[in-house]
Q: 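Below are the structure tokens for one structure; questions will follow.
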Amino acid sequence: MGNSHRWLEKIAPSLRLHLLDWYRSHGRSLPWRSIRDPYAIWISEIMLQQTQVNTVLPYYRRWLQEFPTVHDLARASRDHVLKQWEGLGYYRRAHYLHQAAQEIVDRFQGGFPADLPTVLSLPGIGRTTAGGILSAAFNLPHPILDGNVKRVLARLVALPTPPAKAQSRLWTLSGILLDRCEPRCFNQALMDLGALVCRPKHPQCCLCPWQKDCRAYNQGRQFNLPLAMPIRTRPHKLIAVAVVFRGQELLIDQRPESSMLGGLWEFPGGKIEPGETAAECAVREVKEEVGIDVVAEQELATVEHEYTHFSITLIAYICRYQSGTIQPLQCADVRWIQPQDLPQFAFPMANQKLFPHLHAWLATHPL
DNA sequence: GATTCGTGGTC
DNA sequence: TGACCAAGAAT
């Protein structure tokens with residue numbers, strides 16, 4: 001291990017030159033690279049967490065249109081912020097952005113901090129995001145360690161373990177390699193190398209500026225590195241959902257802040273218990289979550305959805321209000337709304353899959 | 001260190 | 001189809 005570090009220190013100057021040279025002619029041109037506004041760069045870094053560039057691009061543009069400065073974000077409503085994030089996933093990121101924006105306004109009068117400990121103190125910002133912001137916005141020499149960098153480094157040194165089990169060592173390697181004179185370009189270049197050349201499936205070693213020094217390549221192991229973590233199987237859940245009508249009005253509730261998909265709105269529902277029908281479950285969940293009595297009238301649709309760690313089948317019922325007053329018993333909020341107002345609320349993707357079926361039902365059931 | 005967070009894309 | 005992955009952080 002010590003040998004590996006000394007070897008890397010020795011060849012690092014040459015690696016930096018080759019990488020920066022490659023980056024000048026092959027680097028991607030991205031909207032957050034042509035600016036220095038730390039607020040906008042921060043937004044891009046948060047959106048890019050576990051999310052591909054092409055997915056982020058439209059959200060990034062809309063966000064800066066909607067919240068051009070940290071002040072605009074800080075004074076926006078939480079529902080409005082979540083609505084702009086709808087569909088991007090990892091919704092806690094939106095809450096953290098909102099909280100951090102208010103902190104930046106309150107603690108620093110809206111000026112983005114430029115030192116590592118303070119940046120790290122903001123919610124939703126870890127070491128990689130902090131390094132990314134500080135190097136991109138202020139050209140400060142802080143290393144990064146995202147998925148691209150982990151893969152590049154794991155191949156460069158022929159890492160003997162899965163990257164997840166060598167975090168500390170990989171941070172050291174990223175710090176050794178970092179070009180202290182051009183940290184901004186270097187970090188961006190390192191990520192582009194991972195995204196464009198040192199790709200997970202088909203690494204383009206013949207185009208790589210580090211080919212002659214790469215241990216994986218020299219050992220013919222570029223297709224087998226980095227080593228993978230053992231897999232675990234994902235459970236499947238059966239969920240009943242109640243689309244409750246009271247006359248023209250529709251019932252929606254807001255998920256608790258601390259739960260999965262926290263702050264998003266949904267149709268009430270929950271896991272079907274053993275020996276229970278989906279319709280019985282839908283009625284029971286409405287009673288438990290918002291305290292009213294309904295009857296299940298008709299099955300609306302069944303949809304499937306995949307999450308990272310489990311999959312679900314949603315069985316949705318059109319239900320009719322019977323009695324009681326809505327209360328947020330197991331949710332953050334609950335409301336009767338007009339069906340045409342649905343787009344004003346942020347919904348998880350699994351619920352959105354029900355929307356076309358609901359529209360079709362409404363079209364054939366006037367009144 | 002291992003888990004929990006979403007969604008869209010690829011093969 | 002299912003596995004895998006993408007500019008990770010918080011617990």
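No hydrogens, no waters, no symmetry mates; every other heavy atom, side chains included, goes into these values. Residue numbers start from 1 in every chain, and the chains themselves are labelled A, B, ... in the order their sequence lines are given, proteins ahead of strands.
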Q: Contact class for A:Glu306 (heavy atom, under 4.0 Å): base, sugar-phosphate, or nothing?
A: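 Since a base atom lies under 4.0 Å of A:Glu306, the category is base.
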Q: Hey, are A:Glu182 and A:Arg24 close enough for a salt bridge, meaning a charged N less than 4.0 Å from a carboxylate O?
A: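 Yes, charged N to carboxylate O under 4.0 Å.
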Q: Would you say C:dA7 has OP1 or OP2 under 4.0 Å from some side-chain N or O of A:Ser44?
A: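 For A:Ser44, the contact criterion (side-chain N or O under 4.0 Å from OP1 or OP2 of C:dA7) is not met.
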Q: With heavy atoms under 4.0 Å as the rule, sort A:Met191 into base, sugar-phosphate or nothing.
A: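 Base contact.
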Q: Can you check the A:Arg93 CZ to C:dA10 C1' distance for me, whole Å?
A: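 Rounded to the whole Å, the gap is 14 Å.
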Q: Describe the nucleic acid contact of A:Ile231 in one word from base, sugar-phosphate, nothing, applying a heavy-atom distance below 4.0 Å.
A: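 Since only primed, P, OP1 and OP2 atoms lie under 4.0 Å of A:Ile231, the category is sugar-phosphate.
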Q: Looking only at heavy atoms, which two atoms of A:Ala12 and A:Ile176 are closest? And how far apart?
A: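 Looking at all heavy atoms of both residues, the closest pair is CB-O, 4.3 Å.
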Q: So, does the side chain of A:Thr51 form a donor-acceptor pair with the base of B:dG6 at under 3.5 Å?
A: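 When only heavy-atom distances are counted, A:Thr51 does reach the base of B:dG6 through a donor-acceptor pair under 3.5 Å.
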Q: Given C:dA7, B:dT7, C:dT11, identify the nucleotide with an atom nearest to the side chain of A:Arg151.
A: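 Shortest atom-to-atom distance from the side chain points to C:dA7.
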Q: Return the value, rounded to whole Å, for the distance between atom CD1 of A:Ile125 and atom P of C:dG8.
A: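 Value for this atom pair: 14 Å.
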Q: When you match A:Arg234 and A:Arg33 each to their closest nucleotide on DNA chain C, which lands nearer the 5' end?
A: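 This one resolves to A:Arg234.
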Q: Does A:Tyr90 have a side-chain nitrogen or oxygen under 4.0 Å from the phosphate oxygens OP1 or OP2 of C:dA6?
A: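 False: A:Tyr90 side-chain N/O out of range (4.0 Å or more) of C:dA6 OP1/OP2.
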Q: Taking the nucleotide of DNA chain B with the closest heavy atom to each, which residue, A:Gln167 or A:Leu88, is nearer the 5' end?
A: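 It is A:Gln167, whose closest nucleotide lies nearer the 5' terminus.
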Q: What's the gap between C:dG2 and B:dC5 when it is taken at their P atoms, as a whole Å value?
A: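 Here C:dG2 and B:dC5 have their P atoms 22 Å from each other.
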Q: Measure the distance from CG on A:Asp192 to P on C:dA7 and round it to the nearest whole Å.
A: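 Answer to the nearest Å: 10 Å.
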Q: Looking at every strand, decide which applies to A:Gly132 at a 4.0 Å heavy-atom threshold: base, sugar-phosphate, or nothing.
A: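 Since no nucleic acid heavy atom lies under 4.0 Å of A:Gly132, the category is nothing.
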Q: With a 4.0 Å limit, can you tell me whether A:His309 has a side-chain N or O closer than that to the phosphate oxygens OP1/OP2 of B:dT3?
A: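 Checking A:His309 against B:dT3: no side-chain N or O falls below 4.0 Å of OP1 or OP2.
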Q: Under 4.0 angstrom, heavy atoms only, what part of the nucleic acid is A:Gly87 near: base, sugar-phosphate, or nothing?
A: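 A:Gly87: backbone/sugar contact only, no base atoms under 4.0 Å.
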Q: With sugar-phosphate meaning primed atoms plus P, OP1 and OP2, does A:Thr55 contact a base, only sugar-phosphate, or nothing at under 4.0 Å between heavy atoms?
A: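 If one applies the 4.0 Å heavy-atom cut-off, A:Thr55 turns out to touch nothing in the nucleic acid.
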Q: Take atom CE of A:Met260 and atom C1' of C:dT11, then tell me their distance rounded to the nearest Å.
A: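 Whole-Å distance recorded here is 17 Å.
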Q: Can you tell me how far P of B:dG9 sits from CE of A:Met349, to the nearest Å?
A: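 After rounding, the gap between these two atoms is 10 Å.
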Q: Once you apply a heavy-atom cut-off of 4.0 Å, does A:Gln49 come out as touching a base, just sugar-phosphate, or nothing?
A: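 A:Gln49: backbone/sugar contact only, no base atoms under 4.0 Å.
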Q: Given atom CG of A:Asn351 and atom P of B:dG6, what is their separation to the nearest angstrom?
A: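 To the nearest whole Å, that distance equals 13 Å.
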Q: Mind checking A:Arg232 for me? I need base, sugar-phosphate or nothing, with any heavy atom below 4.0 Å counting as a touch.
A: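 Counting heavy atoms under 4.0 Å across all strands, the contact made by A:Arg232 includes a base.
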Q: What is the nucleic acid contact for A:Thr128, judged by heavy atoms within less than 4.0 Å: base, sugar-phosphate only, or nothing?
A: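 The answer is sugar-phosphate, as A:Thr128 gets under 4.0 Å only of primed atoms, P, OP1 or OP2.
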Q: OP1 or OP2 of C:dA6 less than 4.0 angstrom from a side-chain nitrogen or oxygen of A:Gln50, does that happen here?
A: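 Indeed not, no polar side-chain atom of A:Gln50 lies that close.
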Q: Between A:Ala164 and A:Leu264, name the one whose nearest nucleotide on DNA chain B is closer to the 5' end.
A: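 Upstream on the strand: A:Ala164.
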Q: Mind calculating the distance between CZ (A:Arg199) and C1' (B:dC11) to the nearest angstrom?
A: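 One finds 13 Å between C1' of B:dC11 and CZ of A:Arg199, rounded.
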Q: For A:Trp32, report the nucleic acid contact type (base, sugar-phosphate, nothing); a contact means any heavy atom under 4.0 Å.
A: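 A:Trp32: base contact, heavy atoms under 4.0 Å.
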Q: For A:Leu261, answer base if it contacts any base atom (sugar-phosphate contacts may also be present), sugar-phosphate if it contacts only those atoms, and nothing otherwise; contact means non-hydrogen atoms under 4.0 Å.
A: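 The answer is sugar-phosphate, as A:Leu261 gets under 4.0 Å only of primed atoms, P, OP1 or OP2.
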Q: Classify the nucleic acid contact of A:Leu30 as base, sugar-phosphate or nothing, counting any heavy atom under 4.0 Å across all strands shown.
A: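 Since a base atom lies under 4.0 Å of A:Leu30, the category is base.
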Q: Would you please say whether a donor-acceptor pair under 3.5 Å links the side chains of A:Thr51 and A:Arg93?
A: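 Their side chains do contain a donor-acceptor pair, which is all the 3.5 Å distance test asks for.
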Q: For A:Glu285, is there an ion pair with A:Lys271 - N to carboxylate O distance below 4.0 angstrom?
A: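 Looking at A:Glu285 together with A:Lys271, the answer is no, because their closest N to O distance does not fall below 4.0 Å.
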Q: Just by distance, with hydrogens left out, do A:Gln188 and A:Arg33 show a side-chain donor and acceptor under 3.5 Å apart?
A: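 Their side chains do contain a donor-acceptor pair, which is all the 3.5 Å distance test asks for.
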Q: Given B:dT7, C:dA6, C:dA7, identify the nucleotide with an atom nearest to the side chain of A:Asp146.
A: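 Out of B:dT7, C:dA6, C:dA7, the nucleotide with an atom closest to A:Asp146's side chain is C:dA7.
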Q: Using the P atoms only, state how far B:dG6 lies from C:dT1, rounded to an integer number of Å.
A: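 24 Å, rounded to whole Å.
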Q: One thing to verify: whether A:Glu306 and A:Arg234 come together as a salt bridge, which I'm taking to mean a side-chain N less than 4.0 angstrom from a carboxylate O.
A: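 Judged by the 4.0 Å cut-off on N to carboxylate O distance, A:Arg234 and A:Glu306 do form a salt bridge.
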Q: Provide the distance between the two P atoms, one in C:dA7 and one in B:dT4, to the nearest whole Å.
A: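 Pairwise P distance, C:dA7 against B:dT4, rounds to 24 Å.
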Q: How long is the line joining CG of A:Asn148 and P of C:dA6, in whole Å?
A: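 Going from A:Asn148 (CG) to C:dA6 (P), I get 6 Å.
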Q: In terms of the angle between their ring planes, are A:Trp361 and A:His365 parallel, tilted or perpendicular, with boundaries placed at 30° and 60°?
A: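 Parallel, since the angle between the ring planes stays under 30°.
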